[in-house]
Amino acid sequence: MRRRTFLRQISATGLMIGSGLSPALALGTSDTVSLTILHTNDWHSRIEPFPMDGGRNAGMGGAVRRAQKIATLRKELEHVLLLDAGDIFQGTPYFNLYSGELEFKLMTEMGYDVATIGNHDFDGGIENLANQFDQHASFGLVNSNYHMENTPLAGKVKPYQIIEKGSLRIGILGVGIELDGLVPASLTGETVYTDPIAAANKTAMHLKMEEKCDLVICLSHLGYRYREEKVSDLVLAAQSRNIDLILGGHTHTFLDEPVVVNNRDQQGVLVHQVGWAGILLGRIDVSFDKRRGKRCFNCANEWLG
Ligand SMILES: [Zn+2]
């Protein structure tokens, strides 16, 4: 398995990425609270594992295998967050037949907490997305840069969601890609795209300053990196403030470990993405020493196959 561990110390803020030791041991204190963030992106209706056709992903993935892995980890770990960065829909006949019902039911069964919207999640039309969400999803949908007041998703998609785990407050916001030219307007209705960096920074400031979140996570469907000048997770990270972790999607980028980018305040932001099709489950363990204001990040992705 291509599982990698890494050790890196960044900035003078006490933000530390490490591995080998359990996060609590690494900090050497009993005042720590541990949080495990599990995440997927672009799983694209891959409900079954890839067929055994000799292809590079043969036998990998599948919702059952993912559900089992998540259930096992939940038994072992103190606090678990389960997140998705969009493009849940489209890619197999299951979506064409059931319009996303299965995907949302499975994510609900697995106990997903929050997801953001990818461009393909509009593929059945915005009304379909709203209906499937209403009927079959018990997780939250976040996006802070699409204005959806005049669409069927009004009031359903929130700019952010706050989740409490033990004594921790975790703020989760979402950003989505420019839809013009990517999705026909007939499918997105009156959704209005606005600058994701401005929206993310405004929302993150609120989460950190007013809501006093211990960790701010941005679920992004912007894409990891582009050759041309276009907003991506790396661009967002460098221009951000108050965001600790960007969990991305869209470019189907497999990262063995998060990349660390200095933000506008010269603080490290972790950027991570785990490919596509649900064959790699992202895992980031964070331990918080609230008394000393230190946090330790550790990455341990899990291949599902
Ligand atoms: Zn996408």
Side-chain angles (χ1 to χ4, degrees), residues 39-47 50 57 61 63 66 83-96 99-100 102-104 106-107 112 114-126 128-130 132-133 137 139-148 151 153 157 172-189 191-197 199-200 217-237 245-255 259 271-282:
H39 62 102
T40 50
N41 56 273
D42 300 272
W43 71 275
H44 281 298
S45 305
R46 285 275 162 187
I47 285 156
F50 279 87
N57 296 325
R66 180 168 14 136
L83 306 172
D84 186 273
D87 276 7
I88 295 159
F89 293 174
Q90 191 70 278
T92 69
Y94 284 111
F95 176 70
N96 304 73
S99 307
L102 275 169
E103 291 85 331
F104 278 0
L106 287 164
M107 287 174 72
Y112 271 81
V114 185
T116 194
I117 310 167
N119 48 301
H120 281 294
D121 299 318
F122 290 100
D123 282 2
I126 194 166
N128 174 67
L129 177 56
Q132 300 296 349
F133 180 68
F139 50 88
L141 270 183
V142 291
N143 177 288
S144 60
N145 70 311
Y146 293 160
H147 290 205
M148 302 181 123
T151 77
L153 283 172
V157 176
I172 301 152
L173 66 109
V175 284
I177 194 165
E178 167 73 271
L179 297 166
D180 197 19
L182 202 58
V183 187
S186 59
L187 298 178
T188 58
T191 304
V192 178
Y193 168 90
T194 66
D195 176 19
I197 296 173
I217 301 171
C218 176
L219 294 178
S220 160
H221 202 80
L222 297 175
Y224 176 64
R225 170 170 55 195
Y226 299 101
R227 274 195 208 103
E228 68 268 39
E229 212 170 290
K230 185 175 165 182
V231 63
S232 64
D233 292 344
L234 293 183
V235 171
L236 168 64
L245 175 60
I246 298 174
L247 300 176
H250 190 62
T251 43
H252 297 190
T253 309
F254 282 97
L255 294 177
V259 169
V271 179
H272 200 20
Q273 187 173 154
V274 286
W276 74 292
I279 64 178
L280 180 61
L281 179 67

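As the structure lists them, so they are numbered: ligands from 1, and atoms in each ligand from 1.
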Indicate whether any N or O donor in one side chain lies under 3.5 Å from an N or O acceptor in the other, for Thr40 and Asp84.
yes
Checking side chain to side chain donor-acceptor pair (under 3.5 Å) between His221 and each of Thr116, Asn143, Asn119, Asp233, which is the one that passes?
Asn119
To the Zn ion (ligand 1), the closest N, O or S atom belonging to His250 is ND1
CD1 of Ile177 to CG of Asn145, rounded to nearest 0.5 Å, is 10.5 Å
Has Asp87 got an N, O or S atom lying less than 2.8 Å from the Zn ion (ligand 1)?
yes
Would one find an N, O or S atom of His221, in either backbone or side chain, under 2.8 Å from the Zn ion (ligand 1)?
yes
Identify which one of Phe122, Phe104, Tyr94 satisfies the ring pair (Phe, Tyr, Trp, His ring centres under 6.0 Å) criterion when paired with Phe89.
Phe104
